[in-house]
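Data block below; observations after.
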Amino acid sequence: MARSSSEVPAARLPVEKLERAQALEELARLAGEIAHHDTLYYQNDAPEISDADYDALRRRNDAIEARFPDLVRDDSPSRRVGAAAADGFGKIRHRVAMLSLANAFADEDVAEFVQRIRRFLGLEAGASVEMTAEPKIDGLSISLRYEKGKLIEAATRGDGTEGENVTANVRTISSIPQRLVGADVPAVIDVRGEIYMSHADFAKLNAAQEAAGGKVFANPRNAAAGSLRQLDSRITASRPLGFFAYGWGEAPKLPAETQSGVVAAFARWGLPTNSEMKVCDGAEALLAYYRAIGARRATLGYDIDGVVYKLNRLDLQQRMGFVSRAPRWAIAHKFPAEKAMTVLRDIEIQVGRTGALTPVAKLAPVTVGGVVVSNATLHNEDEIRRKDVRPGDTVVVQRAGDVIPQIVGVVVEKRPLDSAPYQFPHVCPACGSHAVRELDEKSGEADVVRRCTGGLICPAQRVERLKHFVSRNAFDIEGLGEKSVQVFYEGGFIQSPPDIFTLEARDRAGEVAIANLEGWGEQSVRKLFAAIDQRRRVALDRFIFALGIRHVGETTARVLARAYGDAGEFRRAMIAASDRDGEAWQELNNIDGIGKVVASAIVEFFAEPANVDVVDKLLAEVSPEPLEAIAATSPVSGKTVVFTGSLVRLTRSEAKAQAERLGAKVSGSVSKKTDIVIAGADAGSKLKKAAELGVTVMSEDEWIALIGD
DNA sequence: ACCCCTCGAGTTCT
DNA sequence: CTCGAGGGGT
């Protein structure tokens, strides 16, 4: 990368002679200067100074910070690693995660959703359930933090846990108040909402962009996103962005007891809210609302991709809680997907980390719902046969849920005369091993997926396992994404996960030379090493998830982390569990959510010496930390409890969620490790077993009294 | 022996 | 996001 004119700052005082005030001033200047060069280097690919000069700047910054540790700035270059510097925005951790919503497409889904709520809350079939209904704005979700009524911070959704700090840009949006007014404005509240661009403003902006020879945006959503993510706030200020407040994150004190009440308070405080929001009762009313909004979709003046329904009463919302990453008390009812026709050029076979062969349709690029689509999954062998999709076919493509493209069907009339049904390969395209469809033990039926039998021999599987290891919910190493992992694997630098953590040592020893790779300068290598070091301490559930054991995803990994508490103990127990008559195997199977298949998969993983070797080498490099106790002080924390019989005051899932929130381990079966059995009506064998083992048994009421609810 | 719900695995594009 | 399969209850 060519570095042209060098601009070494004028000679300055040696660090040890600096006065405090001078240091303060210089750190500020260095932060700005280094950020500037980072932008040029990473974003524009057009550095102004040499690597050596850049390093000199950073070294001076570090030296001054070392002498005046209390002067280290929040935006200090030494604190920024990898992506944060690369994209110019700092990161903000959401105090309460920004979740996604479950989706409904058909009317039945909505009816089911309402039914599910009634069932969960123990209401009768026709009972009244107030819900809010509002348009789902197609923009960007944002979290605005107001303290004492003043706008303090604004963050994008990001991965839901951590977003980008876009405070400076959000301050330029005139529809977002800098200050909330009203007697009931709380001391602290994260207001959540959607930033969007109206149709009229979008048209105006694009006309202006075109006239100026600038970039024309594909749709209002992209225009809004592009405007918000400007590094120069002045550009954001010039863009007409709108905002609707519809929810909240951390909010210790809410101004009302219903969803609609809180949103009404938002409006009183000066926040823009959507005037289309209504309170409805019952599935029919929701569907009527959906159809009415759908009919007016084009005249609303802004893009929407559906309607959102939320349970109105906040106490009921709380009772229902969450499933994985979405609330159980809300759902997005999406408008039907847009369709398009295109030619399927070829079918490519991809190999996943478990060896699954997945066919992907390579399409002639076509615009569907505002984005250009050129790939679509065909899922599996049977799916191809069912739809009789062949290379050369003209196919109908749609974006399901407006996101993932899928092939709806083939236009048979347009099929070339010489086409023949597609033959799914029986060997792995990556390693040539046999690819088979495993047979189910009991039914003898073939698995839907065809899998490469190569295991660790297969380069594709090895790379995929590495990608999984560094992925967002696993080790999440900044600057080491899918692409770089691939490059490092091919370069022979990283063969398996532990190699990641020995990379720096080997680089120093001259065994590998990352800086020789294209696109890897001295600075990016340094940042990568720093990012890797940051992950030497990692939560145990992430560690277990990262191993990539079959059938062990995020949730199961968390369950295992909770159950064993410590990586060494987990390793020991899983090896011991290979004895299917032993206690360790029993204990594993007793964990709620783990059955024979999952237990076997874990034991088989640890029966493979190569896998144990990976775990051991990893444990030499990283320290997995136990999960934070959820509520160390509750009377049931650390206790193993089993629910049995039919509960009256709580539903089963409520009871389980609540117990876990209080730090209890909920198990599915009674063993001598069980502390409490909560027996509802008609409890059967589990109650008997509890009596045999002398385990404490209590009624539902006693349990509720114990946890003090 | 079924049935329902939840979880895992794989995929797209910006 | 969707599909398939595992887990657990009836």
Side-chain angles (χ1 to χ4, degrees), chain A residues 100-105 112 115-116 119-120 140 156 217-219 221-226 229 322-326 328 332 334 337 348-363 365 367-380 382-383 386 397-407 438 440-443 445 447-449 451 464-465 467-468 471 473 482 545 548-559 589-601 642-647 651-653 656 666-669 680 682-686:
Chain A
S100 47
L101 290 177
N103 286 302
F105 295 95
E112 236 168 69
Q115 255 333 99
R116 210 177 320 136
R119 213 179 320 136
F120 198 102
L140 299 91
T156 60
F217 293 100
N219 54 50
R221 209 194 95 83
N222 286 357
R229 295 191 79 260
F322 301 85
V323 201
S324 270
R325 274 181 297 281
R328 260 193 283 255
K334 296 289 193 80
E348 193 181 274
I349 304 290
Q350 294 184 356
V351 185
R353 86 180 146 91
T354 61
L357 303 191
T358 310
V360 176
K362 310 302 282 183
L363 306 168
T367 306
V368 194
V371 294
V372 179
V373 169
S374 45
N375 298 311
T377 178
L378 288 166
H379 296 116
N380 55 56
D382 294 351
E383 174 82 0
R386 239 188 329 267
V397 180
Q398 74 173 18
R399 292 212 303 151
D402 273 348
V403 181
I404 297 192
Q406 55 183 211
I407 305 244
E438 288 159 21
D440 186 281
E441 267 183 47
K442 277 188 224 131
S443 65
E445 275 173 66
D447 194 353
V448 213
V449 294
R451 284 201 155 78
E464 293 305 313
R465 276 177 73 162
K467 287 179 183 171
H468 170 78
S471 68
N473 297 319
E482 292 201 358
F545 174 63
I549 303 168
R550 189 113 100 91
H551 297 132
V552 178
E554 250 182 291
T555 308
T556 309
R558 191 153 47 237
V559 167
N589 278 273
N590 278 344
I591 298 172
D592 195 30
I594 297 197
K596 226 170 82 188
V597 176
V598 177
S600 304
V642 175
F643 292 97
T644 181
S646 42
L647 305 175
T651 68
R652 218 182 184 75
S653 37
K656 189 177 169 200
V666 180
S667 175
S669 57
D682 313 317
S685 61
K686 288 185 199 172

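Residue numbers start from 1 in every chain, and the chains themselves are labelled A, B, ... in the order their sequence lines are given, proteins ahead of strands.
Phe545(A) places its CZ atom 9 Å from the C1' atom of dG8(B), with the value rounded to the nearest Å. As a whole-Å value, the separation of Asn473(A) CG from dC7(B) P is 14 Å. Atom CG of Asn380(A) is separated from atom C1' of dA5(C) by 13 Å (rounded to the nearest Å). What separates CD of Glu383(A) from P of dT11(B) is a distance of 14 Å, to the nearest Å. Atom CZ of Arg558(A) and atom P of dC7(B) are 9 Å apart (whole Å). When rounded to the nearest whole Å, the span between CG of Leu378(A) and P of dT11(B) equals 11 Å. Protein atom CZ of Arg451(A) is 9 Å distant from nucleotide atom P of dA9(B), rounded to whole Å. Straight-line distance from the CD1 atom of Ile594(A) to the C1' atom of dA5(C): 16 Å, rounded to whole Å.
Taking 4.5 Å as the limit, every side-chain heavy atom of Val559(A) sits out of range of all side-chain heavy atoms of Asp592(A). Residues Lys362(A) and Asn375(A) are in side-chain contact: their nearest non-hydrogen atoms beyond the backbone lie under 4.5 Å apart. Contact of the Phe545(A) side chain with the His468(A) side chain is registered, since non-hydrogen atoms from C-beta on lie closer than 4.5 Å.
Using a 4.0 Å heavy-atom criterion, one finds that Gln350(A) contacts the sugar-phosphate atoms exclusively. Among the protein residues, Val373(A) comes within range of the sugar-phosphate backbone only, with heavy atoms under 4.0 Å from sugar or phosphate atoms but none that close to a base.
With dG7(C), dA9(B), dT11(B) as the candidates, the nucleotide lying closest to the side chain of Val597(A) is dG7(C). When distances run from any side-chain atom of Ser374(A) to the nucleotides dC13(B), dG6(C), dT14(B), the shortest one goes to dC13(B). With distances taken from any side-chain atom of Thr377(A) to the nucleotides dG4(C), dT11(B), dC5(B), the minimum falls on dT11(B). In this structure, the nucleotide among dT14(B), dC3(C), dG6(C) sitting nearest to the side chain of His379(A) is dC3(C). Here the nucleotide nearest the side chain of Thr354(A), chosen from dC1(C), dG10(B), dT2(C), is dG10(B). When distances are taken from the side chain of Arg328(A) to each of dT6(B), dT11(B), dA9(B), the shortest belongs to dT6(B). The side chain of Arg386(A) has dG4(C) as its nearest neighbour among dG10(B), dG7(C), dG4(C). Closest approach to the Thr556(A) side chain among dG8(B), dG10(B), dC5(B) is made by dG8(B) (side chain taken as heavy atoms from C-beta onward). With distances taken from any side-chain atom of Val448(A) to the nucleotides dT14(B), dA5(C), dT2(C), the minimum falls on dA5(C). Considering only side-chain atoms of His551(A), the nucleotide from dT2(C), dG6(C), dG10(B) that sits closest is dG6(C).
Contact check, Arg353(A) against dA9(B): a side-chain N or O comes under 4.0 Å of OP1 or OP2. Contact annotation: Arg119(A) reaches the phosphate of dC5(B) (side-chain N/O to OP1 or OP2, under 4.0 Å). For Asn375(A) and dC13(B), the shortest distance from a side-chain N or O to OP1 or OP2 is below 4.0 Å. Here Thr358(A) does not reach the OP1 or OP2 of dG10(B): none of its side-chain N or O atoms lies under 4.0 Å away.
In this structure, Arg550(A) and Arg221(A) both approach DNA chain B, and ranking their closest nucleotides by distance from the 5' end singles out Arg550(A). Residue-to-nucleotide proximity on DNA chain B shows that, of Val360(A) and Gly553(A), the 5′-proximal contact is made by Gly553(A).
Note that OG1 of Thr156(A) and CZ of Arg229(A) are 7.5 Å apart. Values are rounded to the nearest 0.5 Å. Rounding to the nearest 0.5 angstrom, the gap separating the CD1 atom in Ile407(A) from the NE2 atom in His379(A) is 10.0 Å. Atom CD of Gln406(A) is separated from atom CD of Glu383(A) by 8.5 Å, given to the nearest 0.5 angstrom.
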